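So the structure is just underneath, and the comments pick up after that.
The chains referred to below are lettered A, B, ... by the order of the sequence lines, with proteins before strands, and numbering in each begins at 1. Note that this is a predicted model, so its numbers are computed, not measured. Computed from heavy atoms alone, side chains included, the values below leave out hydrogens, waters and symmetry copies.
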Amino acid sequence: MITPGQKVIQQWYKQKNWHQFPFQKEMETVYLAGFSGLLNAPTGSGKTFALFLPFLADFINKHPDYKTRQNNGLQMLWITPLRALTNDIRKAMQEVCDDLQIPWKIATRTGDTPAAEKAALKKKLPEVLLTTPESLHLMLAQKEYPKIFQSLQVLVVDEWHELLGTKRGVQVELGLSRLKALGAVGGEQFSVGSSQVAVGRQSAVGSRQLADSNDYEKSQLETANWKLPTENCQLKIWGISATIGNLEQAAEVLLGTDFPPDKIKMVRANVDKKLVIESIIPENIENYSWAGHIGLKLLPQVMEIVAKSKTTLIFTNTRSQSEIWYHAILDNYPEYAGIMAMHHGSLDNELRNWVEQALHAEALKVVVCTSSLDLGVDFRPVDTVIQVGSPKGVARFMQRAGRSGHHPGAVSKAYFVPTHSLELLEGAALKQAIKQGIFESRDPMLLAMDVLIQYMVTLAVSDGFRADELYNEVITTYAFADLRRNEYNQLLDFITNGGKTLAQYDEFLKVEVENGLFKVFSRRVAMRHRLSIGTITSEMSIRVKWLSGGSLGTVEESFISKLKPGNTFWFAGRSLEFVRIKEMTAYVKKSNAKKGMIPSWNGGRMPLSSQLSAVFRDKLDEVAHGIEKDIEVIALKPLFNLQQELSHLPQSHEFLIESFKSREGHHLLFYPFEGRLVHEGMASLLAYRISRVRPASFSIAMNDYGFELLTDEDVPIEQVLEDADFFSIDNLLEDIQHSLNANEMARRRFRDIAHIGGLVFTGYPGQQVKNKHLQASSSLLFDVFSEYEPDNLLVRQAYNEALAFQLEEFRLRAALQRIAKQNIILKVIERPTPFAFPIMVDSLGRERLTTESLEDRIAKMARQYGAEGVAGNENKKVRKVGVTRKKGF
DNA sequence: GACCTGCTGCGGTATG
């Protein structure tokens, strides 16, 4: 039987003429939430409708008077990680409501929402509110916030995979725990008993997150069981996620530990969208660079593809690389001026918005970008995606590939452009991983005390909280399930009394206790707290502005400090002359200079993911066994032959170490193929362990495939290797403590933690506290805590974070265990091998201050060692990197 | 103040 609501909605679908809808026959039931067919909804936001339309249908059924019904209160809260998404979804939802003559208001509440609108939202609530994790917490910091959520029926967390694994995710967990508890005690008899999660799956193209189904019959069954909201309904929680390695865990994290596991529902789709991946093979592989990361040598091939495509996105790994590529295209293909744009995180928002709109309007032929474009609004006209350099992870590549081919039945096409020879093998590994459906997991963050402190003060700012109640609530979250009561008490003590060490500083005594209620009474404290809600911290940057007004974006202070007035540089795709700097703003004017420095930014480091590393090692094993089924492997044959000839091609049960003597000293090269971060830790660890046998001082260099230890001493490597402890995980932590400056690493981590935990105030908007002061104060706090409060939870967190994220301790451990079981193949080599060369180039770059360009030096090195591959003319590096390498073990 | 190739993301001041 079709209910009136379903009928209305069906009618709507028919009017919209969604012929292409892949699940058309399933449309007969309107309760189709979760089906990916909506992918092809004209608005491009299928999942929105998958969840929203059934919800509307139910509302209509429950309220025959829905057209006149007023004051429904907040029905649905939709949380997304991106402000930009809220606007898209709002428009789409509002359109449906208007069409169906449902007098619902759909609103957004983010940092972009004008103050007047925010005030209006407080007075009269919309039926649907779209917001961000940060804004949700700002709402929780409002007086009488429970009123807002009184009538809430459904909570949707969109793009959950983006939040999971971050402190923003923890923020969402905490926010949800509060809303769940509100429901449980509220007058409307909320309970979370029937909450559901639809963890959707990215289609094979990975374009958008689809709520969809793996096994159609099964999901139909599940659909039948769904209970939609009723008048005295229970709060429902939905999560929407791309495919990640740990979807089940993702659901558990979202719903919390108090959620009955048998009530969790997974809905996935099996839309098989074709994805074609093609590696660009350099024409003459023997002349292709062995090292480098810009990849401009393949510009001609890339531009051929661009010319053949309608609209192309060129993804690069760094902002600087985007600028370099944009510049190179403009230089060599001037006809693209006007139909090409650039998009990355340091460009002014206005410019970025313009690019996004121009993409929609099909006014652009090609956009060079970073991951700033791999999430968010759909860019329908894009038919081709080109990835320059290794994407470092399977999921990231899928996400980007999915930006192309957004039509029913369309094939998504993605090209992979290697920036050096061996990277081509990553192309083969990527294809293999995608074929096997191997995706990275997002590991949820646990016990992030800084986020918890912030949350506790947030609640104290609004209506206050009671210690026991809040504790019981907090431990229902996945993140704090293991929070011990005495730890919680420490935090309470910290926000009320400043803990053990800060008691005499008023600044840290934020919260007062009155009749058991923890509350903030100071307006100043409350205001400052609201100003600093959120978990994203960033470095101070310098705004770049035209003399005539108008902003271009931001660069780093260190870059600007290298410029003198009159110097020219390239930024935002333009040639600029630096005029002066005033109040954190660099003023520039137009320049006609053809050449100039290109800024670079210090961002996060992205090591090769452990999943992709594993597949890469598999590929290498195939190579060692002479299996040649991938075109990449076939193309790389000369390189591998040379490697075999000069040294060895390790099989999966072998671990290769190369030993090599040069004027510089004794080089030892190790190849775990585990990503940079692990290599960095392992290099320090092994250097330390060697130095126990024979004291020596090492310099370290590394890339994603291996690392080098260089020393003046003649290291008795055979003897060292005989030592059973060399690759052992025994005493790992102690040895790491000895070999790395763990204190410094933790101190750096602590800066962000202090910021998030509200220990340092970053200043009022527009008049930020100088970076130096922040550093000094967080560093001081770190020292004070370390000295007087050894059990301080925030300091402990800093060490844990350094270990987990900077050292990837877990991976390091696994890698050592693997190596311990492998046969060690020690090869004394005459000259650098194809494996060794790129690592040694890596060390070249930062070895010493020099006026020689890196390019020249690589060429020189190639000549010197007679290596066949020569790094191309691509290293137009601006930054003269010239700091001594790590010394001192 | 360290990173040396290195991404993304969010907030926001107050009165009659």
### Task
Report the distance from atom CD of A/Q321 to atom P of B/dT5, rounded to the nearest whole Å.
12 Å
### Summary
Hits for ring-ring contact (aromatic ring centres under 6.0 Å, His included) against A/F397, two or more places apart or cross-chain, chain-then-number order -> none
### Summary
For A/Y455, the ring-ring contact (aromatic ring centres under 6.0 Å, His included) test, sequence neighbours excluded, returns A/H137
### Query
Got a sec, which residues hit ring-ring contact (aromatic ring centres under 6.0 Å, His included) with A/F835, two or more places apart in sequence or on another chain?
A/Y671, A/F673
### Message
Base, sugar-phosphate or nothing for A/R747? Non-hydrogen atoms, less than 4.0 Å.
### Response
nothing
### Query
Considering residues, nucleotides and ligands other than A/E350, do more than 12 of their heavy atoms fall under 6.0 Å from its CD?
no
### Query
Can you tell me how far C1' in B/dG11 sits from the matching atom in B/dT15, rounded to whole Å?
23 Å
### Query
With sugar-phosphate meaning primed atoms plus P, OP1 and OP2, does A/E539 contact a base, only sugar-phosphate, or nothing at under 4.0 Å between heavy atoms?
base
### Distance, rounded to the nearest Å, where A/I294 contributes CD1 and B/dC4 contributes C1'
13 Å
### Query
What is the distance, rounded to the nearest whole Å, between atom CE of A/M527 and atom P of B/dT15?
10 Å
### Selected nucleotide, minimal atom distance to A/E134 side chain, candidates B/dC10, B/dA14, B/dG6
B/dC10
### Query
Please give, in whole Å, the distance from B/dT5 C1' to A/L296 CG?
14 Å
### Query
What integer distance in Å separates A/L677:CG from B/dC3:P?
12 Å
### Message
Applying a 4.0 Å non-hydrogen cut-off, can you work out what A/G111 is touching in the nucleic acid: base, sugar-phosphate, or nothing?
### Response
sugar-phosphate
## Note on the structure
Rounded to whole Å, CG of A/D450 lies from P of B/dC10 at a distance of 19 Å
Pairs under 3.5 angstrom, nitrogen or oxygen only, protein versus nucleotides 7-9 of chain B, please.
{"from": "B/dC7", "atom 1": "OP1", "to": "A/R319", "atom 2": "N", "distance (Å)": "3.3"}
{"from": "B/dC7", "atom 1": "OP1", "to": "A/R319", "atom 2": "NE", "distance (Å)": "3.0"}
{"from": "B/dC7", "atom 1": "OP2", "to": "A/R319", "atom 2": "NH2", "distance (Å)": "2.7"}
{"from": "B/dC7", "atom 1": "OP2", "to": "A/G603", "atom 2": "N", "distance (Å)": "2.7"}
{"from": "B/dC7", "atom 1": "O3'", "to": "A/T370", "atom 2": "OG1", "distance (Å)": "3.2"}
{"from": "B/dC7", "atom 1": "O2", "to": "A/S371", "atom 2": "OG", "distance (Å)": "3.0"}
{"from": "B/dT8", "atom 1": "OP1", "to": "A/G345", "atom 2": "N", "distance (Å)": "2.5"}
{"from": "B/dT8", "atom 1": "OP1", "to": "A/T370", "atom 2": "OG1", "distance (Å)": "2.5"}
{"from": "B/dT8", "atom 1": "OP2", "to": "A/R319", "atom 2": "NE", "distance (Å)": "3.2"}
{"from": "B/dG9", "atom 1": "OP1", "to": "A/R352", "atom 2": "NH2", "distance (Å)": "2.9"}
{"from": "B/dG9", "atom 1": "OP2", "to": "A/R352", "atom 2": "NH2", "distance (Å)": "3.4"}

### Task
Quick one: label A/S532 by what it contacts on the DNA or RNA (base, sugar-phosphate, nothing), any heavy atom closer than 4.0 Å.
nothing
### Rounded C1' spacing from B/dC7 to B/dC3 in Å
15 Å
### Message
Applying a 4.0 Å non-hydrogen cut-off, can you work out what A/L138 is touching in the nucleic acid: base, sugar-phosphate, or nothing?
### Response
sugar-phosphate
### Query
Hey, is the side chain of A/K118 poking within less than 4.0 Å of OP1 or OP2 on B/dG12, counting only N and O atoms?
yes
### Message
If the cut-off is 4.0 Å, is A/T132 near the phosphate of B/dG11, judged by side-chain N/O to OP1 or OP2?
### Response
yes
### Task
Starting from P on B/dC4, measure out to CZ on A/F559 and report it in whole angstrom.
19 Å
### Pairs where residues 524-534 of chain A contributes a residue and the test side chain to side chain donor-acceptor pair (under 3.5 Å) is met, not counting sequence neighbours
A/T458-A/H529
### Message
With syn defined as a glycosidic angle within 90° of 0 and anti as the rest, where does B/dT13 land?
### Response
syn
### Task
Inspect the contact between A/K167 and A/D450 and indicate whether a charged nitrogen and a carboxylate oxygen are less than 4.0 angstrom apart.
yes
#### Entry: Protein-nucleotide distance (A/E744, atom CD; B/dC3, atom P), rounded to Å
8 Å
### Message
Heavy-atom nearest nucleotide on DNA chain B for A/N703 versus A/T535: which residue maps closer to 5'?
### Response
A/N703
### Task
Look at the side-chain N and O atoms of A/S779 and state whether any lies under 4.0 Å from the OP1 or OP2 oxygen of B/dG1.
no
### Message
Roughly how many Å apart are B/dA2 and B/dG6, using the C1' atom of each and rounding to a whole number?
### Response
15 Å
### For A/E426, all residues meeting side chain to side chain donor-acceptor pair (under 3.5 Å), sequence neighbours excluded
A/S390, A/Y705
### Task
Determine whether more than 12 heavy atoms belonging to other residues, nucleotides or ligands lie under 6.0 Å from atom NZ of A/K122.
no
### Query
Quick one: is B/dG12 close enough that its OP1 or OP2 comes under 4.0 Å of any side-chain N or O from A/R528?
no
